Amino acid sequence: MKKLTRLLAMLLAVSLLLPLGLALADDGVSSTYTYNYDYWGGLRESPDAYRVDQVLYSATLGLETAMRRPQSLYVKDDDLYICDTGNNRILQLKRENNTFSLVRVIDEIKGAQPATLNTPSDVSVDPEGNLYIADTNNNRVIKADKDLNYLQSFLKPNDSTFDQSLNYLPSKLVTDSVGRVFVLATNVNKGLIKYEADGTFTGFIGANTVKYNMWDYIWKTFFTTKEQRAQQASFVPTEYENIYIDSEGFIYATNIVFSEYDLLYDNAKPIRRLNAIGNDILIKNDRYPPIGELVWVEGSQDYGPSKFKDITVLDNNIYIAFDRTRGRVFGYDSQGIMLWAFGTKGNSEGAFLSAVSIEHMGRDLLCLDENEASITVFTPTEYGNLIYQANDEYLRGDYDGSAETWRQVLKLNANYNSAFIGIGRTLMRQEQYEEAMDYFKMSHDRENYGRAYRYYRKELVEKNIGWVVAALACLLIVPLVIRKVKKTKAEVEAYERSKIAR
Amino acid sequence: MNAAKSLGNVSAQGGSRQGWSRYKASLRYGLYVIFHPFDGFWDLVHEGRGSLLAAHTFLFLFLLTYVLRLMITNFQFITAPLQYINIYEQCGSLLLPFLILCLSNWALSTLFDGKGRFKDIYMAMCYALVPYILIQLPLILISHVISFDEAAYYSVLASVSVIWCVFLAFVGLMQVHDYSPGKTFLFLIITVFGALVILFLLLVFFSLLSDAIGFFVSLYREIAFRLY
């Protein structure tokens with residue numbers, strides 16, 4: 001009887017464990033490739049910050065005509081807009097209970113001239129629900145209300161600063177809270193074209209500065225003839241690739257035209273945060289500026305710098321850029337410190353062939369692949385959420401809570417540099433300077449270490465002031481005594497010698 | 001410096017005890033040299049005030065200081081990836097250029113009526129390293145009691161040590177060869193090119209050597225293959 005009960009108990013235990021074990025095994029399969037960089041720029045693999053939640057294809061969305069070379073995503077609350085550029089339409093989807101369903105197809109603006117869209121490549125929606133569409137091959141940015149009635153259009157600026165011989169091809173656009181429209185147009189390298197809400201053109205902002213080196217300049221000015229110069233490429237600023245406006249009204253712009261050499265001293269600035277007058281105010285407090293991939297594998301197919309096709313900004317100024325070179329997503333916090341990176345090139349789930357656009361829905365990320373015409377939805381894992389939570393808590397001023405969260409992050413990833421800094425800061429606020437120093441040392445944070453050390457040194461000196469004074473006194477008195485003794489000795493010797501001589 | 005002089009005189013009498021005191025005197029003479037370089041370097045070689053053993057000691061101490069600096073300077077002031085550092089490699093990368101530069105300087109200056117022998121050049125160069133040792137060793141300790149904000153003191157002292165060494169090396173070469181400053185400067189530049197030539201020859205030598213060895217190895221393999 002006893003045996004039987006034992007057997008039953010064992011069976012029960014096994015049956016309880018079995019599904020749990022299976023669940024764990026299933027969870028252990030990583031669908032993406034994640035890592036972080038250590039202080040020396042080496043790769044440190046980390047747990048997945050994001051996992052693929054679902055992948056949306058034309059078929060899963062039940063579209064009659066499949067998407068063709070979609071160029072852009074836009075998210076407003078639960079609505080997802082896809083610029084299906086190749087089919088001259090915009091798809092509006094809605095996310096409900098984590099399933100995306102088609103709401104409507106926007107391919108006609110009532111009352112516009114012409115009413116149909118021609119290769120729309122970007123879309124934006126303001127708080128009232130008005131749509132702004134960069135209607136590229138119709139040479140206009142069109143504004144429509146939420147029922148798709150034509151409101152106004154932003155045309156080629158009739159201004160002398162705009163080269164009238166150029167075709168006006170708006171490709172990307174953002175709108176700010178007061179209805180200003182910033183447009184990025186193909187072939188325009190003076191920066192973003194800025195329109196007021198009433199449609200008047202008010203100038204360019206944030207032009208890339210022209211880069212040339214001294215030798216090029218000397219060569220071109222003094223050693224080439226006028227005819228040669230006319231044939232050579234002149235020094236022109238480069239165009240931006242994509243733009244995003246954050247909740248504070250600053251425009252994040254990405255740039256993919258630069259030389260690899262410029263990355264070395266951060267002259268390339270692939271990611272910029274532009275203020276109202278177009279200056280770059282991105283904060284870079286890490287050892288490496290936010291340039292994406294640091295380790296380029298020689299001879300590999302995706303050798304070369306990261307080319308950020310798109311960028312999106314979460315709350316608390318966490319920005320996430322989408323790299324076309326490697327199909328990889330890079331996340332940075334407001335201080336320019338890398339949070340994580342994931343994704344790779346390929347056909348499998350969570351990999352991309354031709355990254356083109358990224359958007360966020362809450363903390364979920366939606367990544368658009370141009371050639372596959374698919375949208376991959378990523379949701380943060382426990383690890384990813386903890387990182388966000390710790391950042392939120394720190395910025396909110398809940399330092400103790402933030403340290404606690406960082407400790408949990410460290411349990412999942414003992415190589416996480418920001419966690420060490422976060423804990424160190426909190427310890428310093430709690431006046432545990434010695435422990436804080438340990439954490440800062442582990443994260444190679446010199447400045448904070450120095451700060452903690454100064455407090456620690458002060459405390460140490462104050463505690464041992466007696467010994468310090470004694471040591472100083474010894475340093476002064478001992479040589480004096482020695483000199484006195486030597487002097488006396490010499491005098492005695494001299495006296496002895498004089499006695500002998502006498 | 002009277003004490004050093006008298007000790008030097010004592011050592012002239014010979015014997016092992018005298019040898020030891022001469023060594024001590026020549027070590028102490030390093031202090032005189034760094035503060036009175038023009039006088040000091042002249043006497044160092046032409047009056048026999050320095051010793052080769054002391055020069056070796058200074059070179060050894062220099063390497064030691066360099067390694068200690070990498071290893072135990074407070075991390076606020078130095079970015080050394082300790083996990084990737086190989087001490088022997090570091091020492092070698094200092095020692096090899098040092099010796100090659102001495103060699104190339106000797107080889108070139110002998111052709112252009114430089115007075116210095118190789119031993120003299122080597123000795124002068126080693127004595128020129130003394131400020132580095134004297135400043136960097138205490139700096140290692142200092143780095144542990146100052147904070148990042150006070151880094152200016154650290155970096156000023158560190159650069160002083162290097163500039164002082166370079167200046168001493170320059171004066172040393174000038175006095176050893178009995179050159180004018182302009183000629184010394186010219187020869188410093190030529191020396192660098194000479195060193196490059198030596199490196200090139202070494203490279204060629206070793207690659208030919210490895211080819212030759214490779215030939216005999218493959219010959220042996222071929223024979224062994226045919227025989228069995």
Side-chain angles (χ1 to χ4, degrees), chain A residues 37-44 264-265 285-289 294-295 414-415 417 420-421 424-425 427-428 431 433-465 467-469 471-472 475 482-483 486 490, chain B residues 1-7 10 21 24-25 28 31 35 66-91 93 134-162:
Chain A
Y37 290 103
D38 70 358
Y39 177 76
W40 307 107
L43 288 181
R44 288 281 174 270
L264 198 58
Y265 299 106
N285 279 343
D286 206 4
R287 187 172 185 199
Y288 302 100
L294 296 175
V295 180
N415 283 324
N417 219 19
F420 288 107
I421 299 176
R425 275 179 183 154
L427 284 172
M428 199 155 83
E431 303 192 351
Y433 302 120
E434 214 176 342
E435 291 87 345
M437 275 158 61
D438 282 345
Y439 277 96
F440 288 137
K441 192 170 184 178
M442 280 189 272
S443 61
H444 296 269
D445 188 340
R446 289 176 166 68
E447 258 165 78
N448 278 323
Y449 179 92
R451 224 165 281 156
Y453 177 71
R454 263 214 317 272
Y455 287 117
Y456 171 69
R457 191 176 59 187
K458 192 166 160 248
E459 242 177 28
L460 205 69
V461 170
E462 278 169 3
K463 215 185 284 170
N464 302 307
I465 189 72
W467 290 110
V468 173
V469 170
L472 280 175
L475 277 178
I482 290 174
R483 204 176 295 164
K486 268 187 181 166
Chain B
M1 273 354 279
N2 287 329
K5 262 181 191 159
S6 65
L7 281 166
V10 168
S21 56
K24 274 205 297 191
R28 208 174 308 158
L31 274 181
F35 291 112
Y66 186 78
V67 169
L68 285 179
R69 182 178 148 266
L70 280 183
M71 290 184 65
I72 55 177
T73 300
N74 192 301
F75 90 102
Q76 295 176 84
F77 305 104
I78 195 161
T79 48
L82 279 183
Q83 65 270 41
Y84 304 129
I85 283 182
N86 177 349
I87 292 174
Y88 303 109
E89 205 182 284
Q90 292 289 328
C91 289
S93 66
L134 286 182
I135 294 179
Q136 293 282 353
L137 270 181
L139 264 188
I140 296 172
L141 293 178
I142 289 171
S143 79
H144 284 275
V145 292
I146 61 176
S147 73
F148 187 70
D149 294 358
E150 295 138 11
Y153 304 109
Y154 181 89
S155 53
V156 162
L157 279 175
S159 38
V160 161
S161 78
V162 174

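Keep in mind that this is a model prediction, so the values were computed, not measured. Just so we're on the same page: letters track the sequence lines, and every chain starts at 1.
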Should B:N74 and A:Y453 count as side-chain neighbours, where that means a heavy-atom distance under 4.5 Å? no

Around atom CD of A:E447, are there more than 12 heavy atoms of other residues, nucleotides or ligands at under 6.0 Å? no

So, does A:R451 use its side chain to make a donor-acceptor pair with the main chain of B:S147 at under 3.5 Å? no

As an exercise, state the distance from NE2 of A:H444 to OG1 of B:T79, rounded to the nearest 0.5 Å. 10.0 Å

Residue pair A:R446 / B:Q76: nearest heavy atoms and the distance that separates them: NE-O, 3.2 Å

Is there side-chain contact between B:F75 and A:D445, with at least one heavy-atom pair below 4.5 Å? no

B:L141 CG: over 12 foreign heavy atoms closer than 6.0 Å: yes

Other residues, nucleotides, ligands: >12 heavy atoms within 6.0 Å of A:Y265 OH: no

Of the backbone (N, CA, C, O) and the side chain (C-beta and beyond), which part of A:F440 lies under 4.5 Å from a heavy atom of chain B, both, or neither? backbone

